[in-house]
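Encoded as C-alpha coordinates, the structure appears first; notes follow it.
Lettering follows sequence order; numbering is per chain, from 1.
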Protein chains: 2
Amino acid sequence: MKVSVRKREIIKVASQLFKDKGYNAVSMRDIALELGIKAASLYNHIEGKQEILSILVLDLAKEFTLGMNKIASSELSPTQKIEQLIEMHIDITVTQSEALAALNNDWMHLEGEDLKSFIEMRDDYEENFRSIIKAGIANKEIKNYHPEVILFSILSTLRTLYLWYQKRGKLDVNVLKKDMVAVLLKGII
Amino acid sequence: MKVSVRKREIIKVASQLFKDKGYNAVSMRDIALELGIKAASLYNHIEGKQEILSILVLDLAKEFTLGMNKIASSELSPTQKIEQLIEMHIDITVTQSEALAALNNDWMHLEGEDLKSFIEMRDDYEENFRSIIKAGIANKEIKNYHPEVILFSILSTLRTLYLWYQKRGKLDVNVLKKDMVAVLLKGII
DNA sequence: ACACAAAACTAACACTTGTTAGTTTAATAT
DNA sequence: ATATTAAACTAACAAGTGTTAGTTTTGTGT
(Lines give C-alpha, C1' and ligand atoms only; values in the text may rest on other atoms or scores of the structure.)
Protein backbone atom coordinates (compact mmCIF):
# COMPACT_ATOMS: atom_id res chain seq x y z
CA MET A 1 0.00 0.00 0.00
CA LYS A 2 2.47 2.65 -1.17
CA VAL A 3 0.79 5.94 -1.93
CA SER A 4 3.00 8.69 -3.33
CA VAL A 5 2.66 12.32 -2.36
CA ARG A 6 1.44 13.32 -5.81
CA LYS A 7 -1.17 10.57 -5.76
CA ARG A 8 -2.50 11.88 -2.48
CA GLU A 9 -2.72 15.37 -3.98
CA ILE A 10 -4.72 14.07 -6.90
CA ILE A 11 -7.13 12.23 -4.63
CA LYS A 12 -7.56 15.27 -2.44
CA VAL A 13 -8.29 17.62 -5.33
CA ALA A 14 -10.64 15.09 -6.88
CA SER A 15 -12.52 14.61 -3.61
CA GLN A 16 -13.15 18.33 -3.33
CA LEU A 17 -14.59 18.44 -6.84
CA PHE A 18 -16.65 15.29 -6.24
CA LYS A 19 -18.12 16.85 -3.13
CA ASP A 20 -19.49 19.84 -5.01
CA LYS A 21 -20.58 18.31 -8.30
CA GLY A 22 -20.70 14.56 -7.84
CA TYR A 23 -18.46 11.86 -9.30
CA ASN A 24 -20.04 11.76 -12.74
CA ALA A 25 -20.04 15.51 -13.26
CA VAL A 26 -16.28 15.77 -12.69
CA SER A 27 -14.00 14.90 -15.62
CA MET A 28 -10.37 13.87 -15.53
CA ARG A 29 -9.68 17.16 -17.32
CA ASP A 30 -11.36 19.06 -14.48
CA ILE A 31 -9.12 17.35 -11.96
CA ALA A 32 -6.01 17.94 -14.04
CA LEU A 33 -6.86 21.60 -14.58
CA GLU A 34 -7.11 22.13 -10.84
CA LEU A 35 -3.62 20.65 -10.49
CA GLY A 36 -2.18 22.66 -13.37
CA ILE A 37 -1.34 19.63 -15.50
CA LYS A 38 -2.85 17.74 -18.43
CA ALA A 39 -5.36 14.93 -17.96
CA ALA A 40 -3.06 12.33 -19.47
CA SER A 41 -0.42 13.10 -16.85
CA LEU A 42 -2.70 11.87 -14.12
CA TYR A 43 -2.15 8.34 -15.37
CA ASN A 44 1.46 8.42 -14.27
CA HIS A 45 0.10 8.31 -10.72
CA ILE A 46 -3.26 6.59 -10.73
CA GLU A 47 -4.83 3.70 -12.58
CA GLY A 48 -7.93 5.63 -13.54
CA LYS A 49 -10.94 7.57 -12.34
CA GLN A 50 -12.45 4.55 -10.69
CA GLU A 51 -9.40 4.05 -8.50
CA ILE A 52 -9.84 7.51 -7.01
CA LEU A 53 -13.40 6.72 -6.04
CA SER A 54 -12.45 3.30 -4.67
CA ILE A 55 -9.75 4.70 -2.45
CA LEU A 56 -11.97 7.49 -1.16
CA VAL A 57 -14.97 5.33 -0.38
CA LEU A 58 -13.39 2.06 0.70
CA ASP A 59 -10.72 3.54 2.93
CA LEU A 60 -13.33 5.51 4.80
CA ALA A 61 -15.71 2.57 4.96
CA LYS A 62 -12.91 0.51 6.53
CA GLU A 63 -12.33 3.24 9.08
CA PHE A 64 -15.99 3.18 10.04
CA THR A 65 -15.94 -0.60 10.25
CA LEU A 66 -12.89 -0.57 12.48
CA GLY A 67 -14.39 2.03 14.81
CA MET A 68 -17.68 0.19 14.99
CA ASN A 69 -16.02 -3.12 15.81
CA LYS A 70 -14.04 -1.56 18.61
CA ILE A 71 -17.09 0.09 20.14
CA ALA A 72 -19.48 -2.81 19.61
CA SER A 73 -17.16 -5.29 21.29
CA SER A 74 -16.46 -3.04 24.27
CA GLU A 75 -17.97 -3.43 27.74
CA LEU A 76 -19.93 -0.19 27.55
CA SER A 77 -23.69 0.04 27.98
CA PRO A 78 -25.79 0.40 24.80
CA THR A 79 -26.35 4.08 25.50
CA GLN A 80 -22.66 4.70 26.01
CA LYS A 81 -21.89 2.83 22.80
CA ILE A 82 -24.25 5.09 20.89
CA GLU A 83 -22.60 8.13 22.43
CA GLN A 84 -19.23 6.87 21.25
CA LEU A 85 -20.57 6.23 17.77
CA ILE A 86 -21.96 9.75 17.55
CA GLU A 87 -18.60 11.16 18.56
CA MET A 88 -16.79 9.00 16.03
CA HIS A 89 -19.05 10.25 13.24
CA ILE A 90 -18.47 13.83 14.25
CA ASP A 91 -14.70 13.36 14.34
CA ILE A 92 -14.71 11.82 10.88
CA THR A 93 -17.02 14.53 9.56
CA VAL A 94 -14.69 17.25 10.75
CA THR A 95 -11.52 15.69 9.38
CA GLN A 96 -12.74 13.98 6.21
CA SER A 97 -15.86 15.67 4.93
CA GLU A 98 -14.90 15.24 1.28
CA ALA A 99 -14.46 11.49 1.50
CA LEU A 100 -17.68 11.32 3.49
CA ALA A 101 -19.51 13.10 0.68
CA ALA A 102 -18.23 10.53 -1.81
CA LEU A 103 -19.22 7.68 0.49
CA ASN A 104 -22.71 9.10 0.86
CA ASN A 105 -23.42 10.19 -2.69
CA ASP A 106 -21.22 8.29 -5.09
CA TRP A 107 -20.78 4.78 -3.67
CA MET A 108 -23.18 3.44 -6.30
CA HIS A 109 -20.67 4.28 -9.00
CA LEU A 110 -18.22 1.74 -7.65
CA GLU A 111 -17.88 -1.36 -9.79
CA GLY A 112 -17.45 -5.09 -9.37
CA GLU A 113 -15.76 -6.31 -6.23
CA ASP A 114 -15.40 -2.80 -4.80
CA LEU A 115 -19.12 -2.25 -4.95
CA LYS A 116 -19.81 -5.61 -3.36
CA SER A 117 -17.45 -5.11 -0.47
CA PHE A 118 -18.73 -1.61 0.17
CA ILE A 119 -22.30 -2.82 0.42
CA GLU A 120 -21.21 -5.61 2.70
CA MET A 121 -19.41 -3.22 5.04
CA ARG A 122 -22.35 -0.86 5.04
CA ASP A 123 -24.83 -3.62 5.84
CA ASP A 124 -22.60 -4.95 8.61
CA TYR A 125 -22.26 -1.50 10.08
CA GLU A 126 -26.00 -0.98 10.17
CA GLU A 127 -26.59 -4.44 11.58
CA ASN A 128 -24.16 -3.74 14.42
CA PHE A 129 -25.86 -0.44 15.14
CA ARG A 130 -29.25 -2.14 15.10
CA SER A 131 -28.07 -4.74 17.59
CA ILE A 132 -26.87 -2.09 19.99
CA ILE A 133 -30.25 -0.37 19.83
CA LYS A 134 -32.10 -3.63 20.37
CA ALA A 135 -29.90 -4.46 23.34
CA GLY A 136 -30.75 -1.05 24.76
CA ILE A 137 -34.45 -1.66 24.33
CA ALA A 138 -34.22 -5.11 25.93
CA ASN A 139 -32.26 -3.37 28.67
CA LYS A 140 -34.96 -0.74 29.22
CA GLU A 141 -32.25 1.88 28.72
CA ILE A 142 -33.88 2.82 25.43
CA LYS A 143 -37.58 3.44 24.87
CA ASN A 144 -39.55 0.83 23.00
CA TYR A 145 -39.97 2.50 19.61
CA HIS A 146 -39.50 0.68 16.33
CA PRO A 147 -35.69 0.02 16.27
CA GLU A 148 -35.57 0.87 12.58
CA VAL A 149 -36.96 4.34 13.23
CA ILE A 150 -34.38 4.98 15.91
CA LEU A 151 -31.58 3.63 13.76
CA PHE A 152 -32.24 5.75 10.74
CA SER A 153 -33.06 8.92 12.59
CA ILE A 154 -29.64 8.78 14.22
CA LEU A 155 -27.74 7.54 11.18
CA SER A 156 -29.34 10.01 8.78
CA THR A 157 -28.35 12.88 10.98
CA LEU A 158 -24.79 11.69 11.37
CA ARG A 159 -24.31 10.85 7.71
CA THR A 160 -25.41 14.22 6.40
CA LEU A 161 -23.75 16.24 9.09
CA TYR A 162 -20.95 17.12 6.67
CA LEU A 163 -23.40 19.23 4.67
CA TRP A 164 -24.10 21.44 7.65
CA TYR A 165 -20.71 21.54 9.17
CA GLN A 166 -19.34 23.29 6.11
CA LYS A 167 -22.18 25.80 5.89
CA ARG A 168 -22.37 26.74 9.57
CA GLY A 169 -18.82 25.65 10.25
CA LYS A 170 -18.20 27.94 13.15
CA LEU A 171 -19.60 25.49 15.69
CA ASP A 172 -16.99 24.27 18.13
CA VAL A 173 -16.56 20.52 17.83
CA ASN A 174 -17.02 19.86 21.53
CA VAL A 175 -20.17 21.95 21.72
CA LEU A 176 -21.42 20.10 18.68
CA LYS A 177 -20.74 16.71 20.25
CA LYS A 178 -22.40 17.66 23.50
CA ASP A 179 -25.55 19.12 21.94
CA MET A 180 -25.73 16.42 19.32
CA VAL A 181 -25.63 13.60 21.84
CA ALA A 182 -28.24 15.39 23.93
CA VAL A 183 -30.60 16.08 21.03
CA LEU A 184 -30.36 12.58 19.61
CA LEU A 185 -30.66 10.77 22.92
CA LYS A 186 -32.83 12.97 25.11
CA GLY A 187 -34.92 14.80 22.50
CA ILE A 188 -35.73 18.46 22.29
CA ILE A 189 -38.81 18.91 24.49
CA MET B 1 -49.19 24.55 -17.48
CA LYS B 2 -50.34 21.85 -19.90
CA VAL B 3 -48.61 18.59 -19.27
CA SER B 4 -49.52 15.74 -21.60
CA VAL B 5 -49.88 12.17 -20.43
CA ARG B 6 -46.79 11.07 -22.34
CA LYS B 7 -44.73 13.86 -20.85
CA ARG B 8 -45.73 12.73 -17.40
CA GLU B 9 -44.68 9.19 -18.27
CA ILE B 10 -41.28 10.40 -19.40
CA ILE B 11 -40.77 12.38 -16.22
CA LYS B 12 -41.82 9.43 -14.11
CA VAL B 13 -39.49 6.99 -15.81
CA ALA B 14 -36.64 9.49 -15.70
CA SER B 15 -37.15 10.14 -12.01
CA GLN B 16 -36.88 6.45 -11.23
CA LEU B 17 -33.60 6.21 -13.10
CA PHE B 18 -32.30 9.42 -11.51
CA LYS B 19 -33.09 8.01 -8.09
CA ASP B 20 -30.88 4.97 -8.59
CA LYS B 21 -27.98 6.40 -10.58
CA GLY B 22 -28.14 10.16 -10.29
CA TYR B 23 -28.96 12.77 -12.96
CA ASN B 24 -25.59 12.74 -14.70
CA ALA B 25 -25.32 8.97 -14.94
CA VAL B 26 -28.63 8.68 -16.78
CA SER B 27 -28.62 9.37 -20.52
CA MET B 28 -31.52 10.32 -22.73
CA ARG B 29 -30.99 6.96 -24.43
CA ASP B 30 -31.44 5.22 -21.06
CA ILE B 31 -34.74 7.00 -20.53
CA ALA B 32 -35.91 6.25 -24.06
CA LEU B 33 -34.96 2.58 -23.77
CA GLU B 34 -37.07 2.22 -20.66
CA LEU B 35 -40.02 3.63 -22.60
CA GLY B 36 -39.40 1.45 -25.64
CA ILE B 37 -38.69 4.36 -27.98
CA LYS B 38 -35.67 6.15 -29.45
CA ALA B 39 -33.98 9.05 -27.69
CA ALA B 40 -34.85 11.55 -30.40
CA SER B 41 -38.54 10.82 -29.93
CA LEU B 42 -38.41 12.23 -26.41
CA TYR B 43 -38.04 15.68 -27.94
CA ASN B 44 -41.58 15.57 -29.28
CA HIS B 45 -42.69 15.86 -25.66
CA ILE B 46 -40.03 17.67 -23.69
CA GLU B 47 -37.61 20.51 -24.29
CA GLY B 48 -34.57 18.61 -23.04
CA LYS B 49 -32.98 16.77 -20.17
CA GLN B 50 -32.75 19.90 -18.06
CA GLU B 51 -36.50 20.42 -18.25
CA ILE B 52 -37.10 17.03 -16.65
CA LEU B 53 -34.87 17.93 -13.72
CA SER B 54 -36.43 21.39 -13.37
CA ILE B 55 -39.95 20.03 -13.23
CA LEU B 56 -39.03 17.34 -10.73
CA VAL B 57 -37.11 19.58 -8.36
CA LEU B 58 -38.97 22.87 -8.61
CA ASP B 59 -42.48 21.43 -8.45
CA LEU B 60 -41.59 19.58 -5.28
CA ALA B 61 -39.79 22.58 -3.80
CA LYS B 62 -42.92 24.63 -4.39
CA GLU B 63 -44.99 22.01 -2.62
CA PHE B 64 -42.69 22.16 0.40
CA THR B 65 -42.81 25.94 0.38
CA LEU B 66 -46.59 25.94 0.25
CA GLY B 67 -46.86 23.47 3.11
CA MET B 68 -44.37 25.36 5.21
CA ASN B 69 -46.14 28.68 4.68
CA LYS B 70 -49.43 27.19 5.72
CA ILE B 71 -47.98 25.66 8.89
CA ALA B 72 -45.75 28.58 9.84
CA SER B 73 -48.58 31.09 9.61
CA SER B 74 -51.00 28.96 11.63
CA GLU B 75 -51.94 29.50 15.25
CA LEU B 76 -50.31 26.29 16.46
CA SER B 77 -47.61 26.12 19.10
CA PRO B 78 -44.01 25.67 17.93
CA THR B 79 -44.05 22.02 18.98
CA GLN B 80 -47.28 21.39 17.13
CA LYS B 81 -45.89 23.10 14.06
CA ILE B 82 -42.88 20.80 14.10
CA GLU B 83 -45.17 17.81 14.41
CA GLN B 84 -47.08 18.98 11.36
CA LEU B 85 -43.87 19.49 9.42
CA ILE B 86 -42.69 15.97 10.25
CA GLU B 87 -45.98 14.56 9.04
CA MET B 88 -45.82 16.59 5.85
CA HIS B 89 -42.34 15.27 5.09
CA ILE B 90 -43.47 11.71 5.68
CA ASP B 91 -46.49 12.14 3.42
CA ILE B 92 -44.33 13.53 0.63
CA THR B 93 -41.74 10.81 1.12
CA VAL B 94 -44.34 8.10 0.74
CA THR B 95 -45.96 9.57 -2.35
CA GLN B 96 -43.05 11.17 -4.18
CA SER B 97 -39.81 9.49 -3.18
CA GLU B 98 -38.31 9.74 -6.67
CA ALA B 99 -38.74 13.49 -6.93
CA LEU B 100 -37.43 13.79 -3.39
CA ALA B 101 -34.28 11.94 -4.39
CA ALA B 102 -33.72 14.38 -7.26
CA LEU B 103 -34.32 17.33 -4.96
CA ASN B 104 -31.82 16.00 -2.45
CA ASN B 105 -29.09 14.77 -4.76
CA ASP B 106 -29.34 16.54 -8.10
CA TRP B 107 -30.51 20.09 -7.40
CA MET B 108 -26.98 21.36 -8.06
CA HIS B 109 -27.30 20.38 -11.70
CA LEU B 110 -30.04 22.92 -12.25
CA GLU B 111 -28.94 25.92 -14.27
CA GLY B 112 -29.48 29.66 -14.35
CA GLU B 113 -32.74 30.99 -12.98
CA ASP B 114 -33.95 27.55 -11.94
CA LEU B 115 -30.92 27.04 -9.72
CA LYS B 116 -31.31 30.48 -8.19
CA SER B 117 -34.97 30.06 -7.36
CA PHE B 118 -34.39 26.60 -5.91
CA ILE B 119 -31.72 27.87 -3.56
CA GLU B 120 -33.95 30.74 -2.54
CA MET B 121 -36.84 28.41 -1.72
CA ARG B 122 -34.54 26.10 0.19
CA ASP B 123 -33.05 28.92 2.26
CA ASP B 124 -36.50 30.33 2.99
CA TYR B 125 -37.70 26.94 4.08
CA GLU B 126 -34.83 26.48 6.48
CA GLU B 127 -35.19 30.01 7.82
CA ASN B 128 -38.85 29.38 8.57
CA PHE B 129 -37.99 26.12 10.32
CA ARG B 130 -35.28 27.86 12.32
CA SER B 131 -37.72 30.56 13.44
CA ILE B 132 -40.17 27.98 14.69
CA ILE B 133 -37.43 26.31 16.72
CA LYS B 134 -36.26 29.62 18.16
CA ALA B 135 -39.82 30.54 19.09
CA GLY B 136 -40.07 27.21 20.88
CA ILE B 137 -36.88 27.84 22.80
CA ALA B 138 -38.00 31.36 23.77
CA ASN B 139 -41.24 29.71 24.78
CA LYS B 140 -39.52 27.14 26.99
CA GLU B 141 -41.37 24.46 25.02
CA ILE B 142 -38.07 23.42 23.51
CA LYS B 143 -34.83 22.82 25.37
CA ASN B 144 -32.08 25.39 25.02
CA TYR B 145 -29.70 23.60 22.66
CA HIS B 146 -28.02 25.27 19.71
CA PRO B 147 -30.95 25.87 17.29
CA GLU B 148 -28.79 24.86 14.37
CA VAL B 149 -28.15 21.43 15.88
CA ILE B 150 -31.84 20.86 16.42
CA LEU B 151 -32.69 22.09 12.95
CA PHE B 152 -30.34 19.85 11.07
CA SER B 153 -30.88 16.78 13.18
CA ILE B 154 -34.57 16.93 12.33
CA LEU B 155 -34.19 18.03 8.71
CA SER B 156 -31.48 15.48 7.91
CA THR B 157 -33.65 12.69 9.15
CA LEU B 158 -36.68 13.86 7.21
CA ARG B 159 -34.80 14.53 4.00
CA THR B 160 -33.17 11.12 3.79
CA LEU B 161 -36.18 9.18 4.95
CA TYR B 162 -36.90 8.18 1.37
CA LEU B 163 -33.76 6.03 1.40
CA TRP B 164 -35.07 3.95 4.27
CA TYR B 165 -38.69 3.85 3.36
CA GLN B 166 -37.90 1.94 0.19
CA LYS B 167 -35.56 -0.52 1.89
CA ARG B 168 -37.68 -1.32 4.94
CA GLY B 169 -40.86 -0.26 3.21
CA LYS B 170 -43.20 -2.43 5.22
CA LEU B 171 -43.63 0.14 7.99
CA ASP B 172 -47.17 1.42 8.25
CA VAL B 173 -47.27 5.16 7.59
CA ASN B 174 -49.17 5.97 10.77
CA VAL B 175 -46.83 3.93 12.94
CA LEU B 176 -43.96 5.70 11.23
CA LYS B 177 -45.42 9.14 11.91
CA LYS B 178 -46.11 8.33 15.54
CA ASP B 179 -42.69 6.86 16.31
CA MET B 180 -40.89 9.46 14.25
CA VAL B 181 -42.49 12.37 16.05
CA ALA B 182 -41.75 10.72 19.37
CA VAL B 183 -38.11 9.95 18.57
CA LEU B 184 -37.38 13.37 17.15
CA LEU B 185 -39.14 15.32 19.88
CA LYS B 186 -38.82 13.24 23.02
CA GLY B 187 -35.61 11.34 22.35
CA ILE B 188 -34.90 7.69 22.81
CA ILE B 189 -33.85 7.36 26.45
C1' DA C 1 -61.26 7.50 -48.10
C1' DC C 2 -58.74 11.47 -46.90
C1' DA C 3 -56.54 15.17 -44.52
C1' DC C 4 -54.12 16.41 -40.49
C1' DA C 5 -51.67 16.20 -36.45
C1' DA C 6 -49.16 13.53 -33.05
C1' DA C 7 -45.47 10.73 -32.25
C1' DA C 8 -42.46 7.66 -33.70
C1' DC C 9 -38.36 6.90 -36.75
C1' DT C 10 -33.26 7.32 -39.13
C1' DA C 11 -29.16 9.77 -39.52
C1' DA C 12 -26.18 12.80 -38.21
C1' DC C 13 -24.05 16.86 -35.71
C1' DA C 14 -20.67 18.82 -32.56
C1' DC C 15 -18.76 17.97 -28.28
C1' DT C 16 -17.11 15.58 -24.20
C1' DT C 17 -15.69 11.41 -22.00
C1' DG C 18 -11.83 8.16 -20.05
C1' DT C 19 -7.87 6.36 -21.62
C1' DT C 20 -3.55 4.94 -24.40
C1' DA C 21 0.84 5.49 -27.05
C1' DG C 22 4.79 7.67 -27.78
C1' DT C 23 7.81 11.57 -26.70
C1' DT C 24 10.11 15.19 -24.18
C1' DT C 25 11.52 17.45 -19.99
C1' DA C 26 13.09 17.46 -15.11
C1' DA C 27 15.17 15.40 -11.27
C1' DT C 28 18.30 12.07 -9.11
C1' DA C 29 22.08 8.73 -8.55
C1' DT C 30 26.44 6.99 -9.89
C1' DA D 1 29.09 14.00 -17.25
C1' DT D 2 26.13 10.13 -17.87
C1' DA D 3 22.62 6.91 -17.17
C1' DT D 4 18.17 6.21 -15.15
C1' DT D 5 13.82 7.18 -13.60
C1' DA D 6 9.82 10.08 -12.67
C1' DA D 7 6.55 13.01 -14.43
C1' DA D 8 5.13 16.01 -17.53
C1' DC D 9 3.75 16.65 -22.50
C1' DT D 10 1.17 16.14 -27.47
C1' DA D 11 -1.89 13.67 -30.18
C1' DA D 12 -5.23 10.75 -30.83
C1' DC D 13 -8.69 6.89 -30.10
C1' DA D 14 -13.25 4.87 -29.59
C1' DA D 15 -17.29 5.45 -27.23
C1' DG D 16 -20.92 8.12 -25.44
C1' DT D 17 -23.30 12.71 -24.77
C1' DG D 18 -27.53 15.90 -25.73
C1' DT D 19 -29.70 17.53 -29.46
C1' DT D 20 -31.46 18.77 -34.36
C1' DA D 21 -33.33 17.99 -39.09
C1' DG D 22 -35.97 15.65 -41.98
C1' DT D 23 -38.94 11.63 -42.81
C1' DT D 24 -42.18 7.97 -42.01
C1' DT D 25 -45.69 5.78 -39.35
C1' DT D 26 -49.83 5.84 -36.43
C1' DG D 27 -54.09 7.39 -34.91
C1' DT D 28 -58.31 10.41 -35.21
C1' DG D 29 -62.09 13.22 -37.00
C1' DT D 30 -64.67 14.28 -41.01
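- Straight-line distance from the OH atom of B/Y43 to the P atom of C/dA12: 19 Å, rounded to whole Å.
- The closest side-chain heavy-atom distance from A/V183 to B/F152 is not below 4.5 Å.
- A straight line from CD1 of A/I10 to C1' of D/dA6 spans 13 Å, rounded to a whole angstrom.
- A heavy-atom distance below 4.5 Å is not found between the side chains of A/H109 and B/N24.
- Both A/M108 and A/L56 are part of a single hydrophobic cluster, where members link through side-chain heavy atoms under 4.5 Å apart.
- To the nearest angstrom, C1' of C/dG18 lies 11 Å from CD1 of A/I52.
- Protein atom NZ of A/K49 is 15 Å distant from nucleotide atom P of C/dT20, rounded to whole Å.
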- prompt: Checking side-chain hydrogen bond (donor to acceptor under 3.5 Å, both in side chains) for the pair B/D30/B/S27: CA distance, chi angles, key distance, verdict?
  reply: CA-CA 5 Å; B/D30 291 334; B/S27 71; 3.2 Å; yes

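- Under the 3.5 Å distance criterion, with hydrogens and angles disregarded, no donor-acceptor pair is assigned to the side chains of A/S153 and B/T157.
- Interface residues of residues 21-31 of chain B facing DNA chain D, ordered by number: B/V26, B/S27, B/M28, B/R29; criterion, heavy-atom separation under 4.0 Å.
- Straight-line distance from the CD1 atom of B/I46 to the C1' atom of C/dA7: 14 Å, rounded to whole Å.
- In this structure, the NZ atom of B/K7 is 15 Å from the C1' atom of C/dA6, given to the nearest Å.
- As rounded to whole Å, 11 Å separates atom P of C/dA7 from atom CD of B/E9.
- Around NZ of A/K143, the count of heavy atoms belonging to other residues, nucleotides or ligands within 6.0 Å exceeds 12.
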query: Taking it one step at a time, do A/E63 and A/Q96 satisfy side-chain hydrogen bond (donor to acceptor under 3.5 Å, both in side chains)?
result: CA-CA 11 Å; A/E63 193 172 333; A/Q96 311 189 53; 2.9 Å; yes

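- Residue B/K178 places its NZ atom among 12 or fewer non-hydrogen atoms of other residues, nucleotides or ligands, all under 6.0 Å distant.
- Put simply, CG on A/L17 is 16 Å from C1' on C/dG18, counting in whole angstrom units.
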Between the protein and nucleotides 8-11 of chain C, list the N/O to N/O atom pairs that are separated by less than 3.5 angstrom.
residue : atom : partner : partner atom : Å
C/dA8   : OP1  : B/R6    : NE           : 3.1
C/dA8   : OP1  : B/R6    : NH2          : 3.1
C/dA8   : OP2  : B/H45   : NE2          : 2.6
C/dA8   : N7   : B/N44   : ND2          : 2.5
C/dC9   : OP2  : B/K38   : N            : 2.4
C/dC9   : OP2  : B/S41   : OG           : 2.9
C/dT10  : OP2  : B/K38   : NZ           : 3.1

- request: Kindly determine whether A/K81 and A/E141 satisfy salt bridge (charged side-chain N to carboxylate O under 4.0 Å, His left out), including the steps that lead there.
  value: CA-CA 12 Å; A/K81 285 180 180 172; A/E141 277 181 48; over 6 Å; no

